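Working notes, beginning with the structure itself.
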Amino acid sequence: MRIVYMGTPDFAVPPLKSIYEAGHEVVGVFTQPDRAKGRSNKLVPSDVKVAATELGIEVFQPEKLREAESVETLKNLAPDLIVVAAYGQILSEEVLNLPKYGCINIHASLLPKYRGASPIEASILSGDEETGVTIMYMAKGLDTGDIIAQSTTLIGRNNTETLTKELSALGAELVVKTISDLESGKATRTPQDDSLSSYSGKLDKSMGKLDFSKTAEELERTVRAMYPWPCAYTSLDGKTLKIIDSEVVDLADDILSDDTVKEGSVAEVTKKYFVIRCKDKGLKIKKLQPEGKKPMDTVAFLNGYKINIGQQIG
């Protein structure tokens, strides 16, 4: 097949490589323009651009895919199929109708659940036991197209970073099979049940702020969902403290009945960790990042910083 691929972040790299390695002719890759990053404001290419360049595939980076020049470029490429994975731009109806086999999207949830920009984070925050990838026909609505195929995996103790890699690998495997099914006429299409849909919007930095009046389980899920960005955070002695890894632990009855150990205060300290009291249980802090410093295990942190029982966090 002649395929145009559209994607931007690291999640979209393994599917691109798997399509290329399966022998399909990837005639062009569309990705977001290079963006300024860091204090130097140096322009940095997307992960997909780097991968496509290494594979020798021509790269296109229109600011707006809807512009006539971009649509004309697509027409000249004459793709049989357009494959999209976290591209970051909306495809016009003209583009959707361009390829012989249409446009398909690799989405990181079991649709119709978690349409939108942050499905991986949403699945962790909700405490779901499993998630997966969906390959669907693209339509005018946001992630509303008919489902072609799905693949599931358990969430376990994954955070967003590790789960993204797992789902990307699943998508890479599933998209190659889907393309084969499309070509042979075996691909099915199942309309989504809109009554079962939910939406996950863009992440905001404020979503990482830890509220210790919530249950320890809710906070532990927040820590995993918000890593690596925006990262769960609280404050200690007036400075920001990012929490990278944590664990829910039971608190002894004497701690639960101690009025001096309130929600958000330190309930237990050892040489290896400390525990913060939450609404019901404790949140054991295993890895963190103090303001202005690199991430570290709590052991290393406690070697240079004294924390006392009853001390308020946040």
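Just so we're clear, the structure is a prediction, and the values are computed from it rather than from any experiment.
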Contacts of Leu96 meeting side chain to side chain contact (heavy atoms under 4.5 Å, CB included) (sequence neighbours excluded), chain-then-number -> Leu91, Cys103, Met138
Listed partners of Ala267 passing side chain to side chain contact (heavy atoms under 4.5 Å, CB included), at least two apart:
Leu251, Ile255, Val261, Arg277
Please list all pairs meeting ring-ring contact (aromatic ring centres under 6.0 Å, His included) that have one or both residues in [range], counting only residues at least two apart or in different chains.
| range | answer |
| --- | --- |
| residues 106-155 | none |
| residues 44-63 | Phe30-Phe60 |
| residues 180-227 | none |
| residues 256-285 | none |

Side chains of [X] and [Y]: do they bring a donor and an acceptor to under 3.5 Å?
| X | Y | result |
| --- | --- | --- |
| Asp128 | Thr131 | no |
| Ser70 | Glu67 | no |
| Gln150 | Thr134 | yes |
| Gln89 | Arg66 | no |
| Gln312 | Ser265 | no |

With heavy-atom distances below 4.5 Å as the criterion, would you say the side chains of Ile104 and Leu182 are in contact?
yes
I'd like to check the salt bridge (charged side-chain N to carboxylate O under 4.0 Å, His left out) partners of [X]; sequence neighbours left out, ordered by chain and number.
| X | result |
| --- | --- |
| Lys17 | none |
| Lys287 | none |
| Asp211 | none |

Tell me if a side-chain donor or acceptor on Thr73 pairs with a main-chain N or O of Glu69 at a distance below 3.5 Å.
yes
Pairwise side-chain hydrogen bond (donor to acceptor under 3.5 Å, both in side chains) hits with a residue in residues 43-59, at least two apart:
Thr31-Ser46, Asp34-Lys49, Lys49-Gln61
Check: residues 201-209 side-chain donor-acceptor pairs under 3.5 Å, at least two apart:
unit_1: Asp204; atom_1: OD2; unit_2: Ser206; atom_2: N; d: 2.9
unit_1: Asp204; atom_1: OD2; unit_2: Ser206; atom_2: OG; d: 2.4

Please report, to 0.1 Å, the donor-acceptor pairs under 3.5 Å made by any side chain of residues 228-248, with sequence neighbours excluded.
unit_1: Thr234; atom_1: OG1; unit_2: Gly314; atom_2: N; d: 3.3
unit_1: Asp237; atom_1: OD2; unit_2: Tyr305; atom_2: OH; d: 2.2
unit_1: Asp245; atom_1: OD1; unit_2: Arg157; atom_2: NH2; d: 3.2

